[in-house]
Amino acid sequence: MKLRTLLRAKGLLLKMVLWSSASVLLIVGILSVVIYLNAQSLMINKEYDNSKKILYQVKYNTNLMNETISRLTQSLYLNSDVNAIMYAEKEDMVNVITRINNVGNSVTSANQYVHSISIYNQKLNQFYNAGSPVFFDDPMLFDLFHSDRLIPILKPVFRDIHKVVNGKTESEPVFSYFMYETTMNQQIPSGAVVINVKPSWLLENIKQINMINNQKGDNIFILDQLGDYVDEGIEQRDKLNWLKNEFMQYKNSHSQAETEGFFKSSFKETQFLVTYSYIDSINMTLLKIQPTLEVYGYIDSFKTSIMVITLIFLAMAVVVSVSVSRKIYSPIGNLVSTISSGRAHQYEKEEIRDEISYLDFVYKQSMEQLNLYDKERYQYRDVMKHYWLNRLLTESLHIGNVEMASMFREMKITLPLNHSYAVLLLKIDNYKHFQQSFSTKDKETIRFAMINIVSELVSKSYINEGLDLKDDHVVIIVSVPPEEQFEPDMISLLKEAQQFVNRFYKITFTASISATTENIQSLHTVYNKALDQSIYRFICGHQSIIDTNTFRHNEGSKKTGYSKHLEVHLQEALRKRDLMAIEETMKLLFKEVTELNYSNALVSTFRLVELTKMTLESSTDSLTPSLLIDLSSLLLHLMEKETINDIYETMLGSIKDSFQGEASESTNKLNHYVVEAVIDYIRTHYDDPSLCLASIASMMKITSRRLGNLFKDDLSVSVADFINETRLTKAAELLAKSEISVREVVEKVGVLNETYFFSLFKKRFGVTPKEYALKNQINQLRNTD
């Protein structure tokens, strides 16, 4: 453990040494490989040049011998004895033999490589030979005079003339030089001379070279015009076949290959360097092969030298790296020593791998503490700012201008003194649904977002400050320049803000714009007036904007209620169950209600509800028992509504449901899919403290009573009991698997009252949460042992 801690303490220095050494080694290694490969390539090219010189020597000797024999063939073609035989019109054997002997003796005595001479007389259709049977029929000359194919003149043709010895035909390879002439009108020559040369004049030269290089594995071979070996031998037939095939494949795959070059190929796990050169004068190709190990053997010593140099450089790199790294590391090491000397040693932590990680860890710790300090300072300032703005709105303060200005500067309140002021009261619509649909944190976030969005839009024209009053509304205090009619512009800005909030947070709010005041200490007065104005949301509806002119007509109305004749029409329609007449009459009644002041409108609305209830209860129709409305539930539901329009739609919908569908609701048919949806919702949102039957019913657009009945009929347990069971099961899992406190567990499962949670838990599991957690820990230790 101490060694590991020590390595971490010097981890950066070790990394610097290792990386610098590795970098030098990598560079030296790459350079060494490049040098070695270049040396290898140069050596191959050097060997190719050497092989090419040898082949050039063979090529030169071959061209010299070829030129000599070509001249001999030309002179022989013009010889008088040869002409006498070639163009004789009658056959005189004595004369032929005499002349043949003269020619043969003179040629073979001066040229020991000449095998035989053939003379063809076209008029007599007869072959005469020197150095072989006199009447030997040359098959190639026969083909010449009996086909359209011409034989190359003065070009050696490698062939086998097959001599007969003791009655057996034996192979007799020769190079044949042909000399003949044709005329324009006569394609077949009148005569021809052929000199057959023993191949030893070429092969001896090659053998001499092979004898010199044979110990090194070098060999030279020759391919004729047909791609066959000249004197191939039988002891290395496989090797020669491989060489010929490789050469042919190379030539075929390299159509642009020159008449001389080299390539590498392998035979029986041995790699060879093959050099080739084409001899144009005799239409043949020289091939020289040598093992590449012989070539690479020359650079083995060079490779050893490179390795030694690399190791020396590595040793030097380590020494230099240690020295340089220590100099570079010195400031960092001093900084780490200075920091670590004043605090407990932290290298044991897993996230700390080296000195930089340690400095990063210390920096993050310091920044967390600094941020915490700043957060506490700013929170304190925000709390105090909120406190004073709250007092300005809710109390009648008597503070001098100098003291007020000092307090504004200290609290960073941007509102200027000696201006006119107005209050924008932003009231969240459907507040009960808002309370049930969002968690506490989300509700705070949405309130904060409402303040920011409205404040930012209003700040385009007016200085303002926002304030969350922790109720169903937030407030924006606006500084209004003197004698400026700001309401039309403010209404436009508030409509834009309503669109933003609805689009991003799916909620709406109603805005109440107060009258202006010239004294900031009178803000509480205009705030209370804005609160009074906001009650007219009941008449104007959700997402409305209410200013001082909006409700002036309602306040001045002398009516105290709706028309009596409309009330009578509604009663008659209810008794007759005429839905069309009910809807038309209720629409007219609620229209008259919207023209009353707030108090009269509220009283008239609930009077209308009572009238509806009494009318239905007093009905003597036989269908009435199945059509009665649960008035207590309806009244409770209507009291939660925030606008006349909501009450109208709820009443009308309830009446329609009663007349059209109450019978089906009273049946015991189970709604399996509804119950499953409730179970899934509870298991997903068990951590929401506001989770209850009412919130789920509101979310699912169904009455709490009906939802509770459906759930209990299906599972034989109430929604509240199922919620508690789900929370207790999750709490037991958290206590068994994690090390968090009981208080944290209570918060995570959505229970607000810790005492209530303790009683539920003990009733369910027979022990307290702490005892349950301790028991599980003991069981885990036993299982481990």
Practice task
Please report the C-alpha distance between L389 and L392 in whole Å, then the side-chain angles of each, then the deciding distance to 0.1 Å, and finally whether the side-chain contact (heavy atoms from CB on, under 4.5 Å) criterion is met.
Solution key: CA-CA 5 Å; L389 288 176; L392 284 173; 4.2 Å; yes
Problem - Salt-bridge contact E465-K385 (side-chain N to carboxylate O under 4.0 Å) - result: yes
Practice task
Report yes if some heavy atom in the side chain of I723 is under 4.5 Å from a heavy atom in the side chain of T726; otherwise report no.
Solution key: no
Problem - Minimum heavy-atom distance between H433 and S698, given as atom pair plus value - result: ND1-OG, 3.6 Å
Problem - H419 versus S479, side-chain donor and acceptor atoms under 3.5 Å - result: yes
Problem - Close side-chain approach of F434 to D472, heavy-atom, < 4.5 Å - result: no
Problem - L457 and K460, any side-chain heavy atoms less than 4.5 Å apart - result: yes
Problem - Sequence neighbours excluded - ring pair (Phe, Tyr, Trp, His ring centres under 6.0 Å) pairs with any residue from residues 532-555 - result: Y536-F551, F538-Y598
Practice task
For the residue pair L426 and V475, establish whether any side-chain heavy-atom pair is separated by less than 4.5 Å.
Solution key: no
Completion exercise
Contacts of K770 meeting side chain to side chain contact (heavy atoms under 4.5 Å, CB included) (sequence neighbours excluded), chain-then-number -> V742, T768
Handout entry: Closest heavy-atom pair and its distance - I476, G466
Key = CD1-CA, 3.7 Å
Exercise for the section: Please tell me if the side chains of F408 and L417 come closer than 4.5 Å, counting only heavy atoms from C-beta onward. Expected result: yes
Practice task
Any salt bridge (charged side-chain N to carboxylate O under 4.0 Å, His left out) involving residues 579-588? Give me the pairs, sequence neighbours left out, ordered by first then second residue.
Solution key: E583-K656
Handout entry: Option passing side chain to side chain contact (heavy atoms under 4.5 Å, CB included) with I477 (candidates L523, I413, N464, I520)
Key = L523
Problem - Sequence neighbours excluded - salt bridge (charged side-chain N to carboxylate O under 4.0 Å, His left out) pairs with any residue from residues 389-405 - result: R391-E395
Exercise for the section: With sequence neighbours excluded, give me every ring pair (Phe, Tyr, Trp, His ring centres under 6.0 Å) pair touching residues 707-729. Expected result: F711-F722
Problem - Partners meeting side-chain hydrogen bond (donor to acceptor under 3.5 Å, both in side chains) with R683 (sequence neighbours left out) - result: none
Handout entry: Pair listing, salt bridge (charged side-chain N to carboxylate O under 4.0 Å, His left out) test, anchored in residues 549-571, at least two apart
Key = K564-E567, E567-R607
Exercise for the section: Kindly state each residue pair satisfying salt bridge (charged side-chain N to carboxylate O under 4.0 Å, His left out) with at least one member in residues 717-728, sequence neighbours excluded. Expected result: E725-R764
Problem - Minimum side-chain heavy-atom gap L715-I679 below 4.5 Å - result: yes
Completion exercise
Residues at least two apart in sequence or cross-chain that pass ring pair (Phe, Tyr, Trp, His ring centres under 6.0 Å) with F765, listed by chain then number, are F761, Y772
Handout entry: Results of side-chain hydrogen bond (donor to acceptor under 3.5 Å, both in side chains) for H685 - residues two or more places apart only
Key = none
Exercise for the section: Just do the side-chain contact (heavy atoms from CB on, under 4.5 Å) check on W388 and I399 with the steps written out, would you? Expected result: CA-CA 12 Å; W388 282 108; I399 303 176; 3.9 Å; yes
Problem - Enclosure of K443 NZ (heavy-atom neighbours >12, cutoff 6.0 Å) - result: yes
Handout entry: By salt bridge (Lys or Arg N to Asp or Glu O under 4.0 Å) - contacts of D429 (at least two apart)
Key = R537
Practice task
With the side chain counted from C-beta on, respond yes when L494 and I513 share a heavy-atom pair under 4.5 Å apart, and no when they do not.
Solution key: yes
Handout entry: Qualifying ring pair (Phe, Tyr, Trp, His ring centres under 6.0 Å) pairs, either residue in residues 493-532, two or more places apart
Key = none
Handout entry: Neighbour count >12 (heavy atoms, 6.0 Å) for atom CD, E572
Key = yes
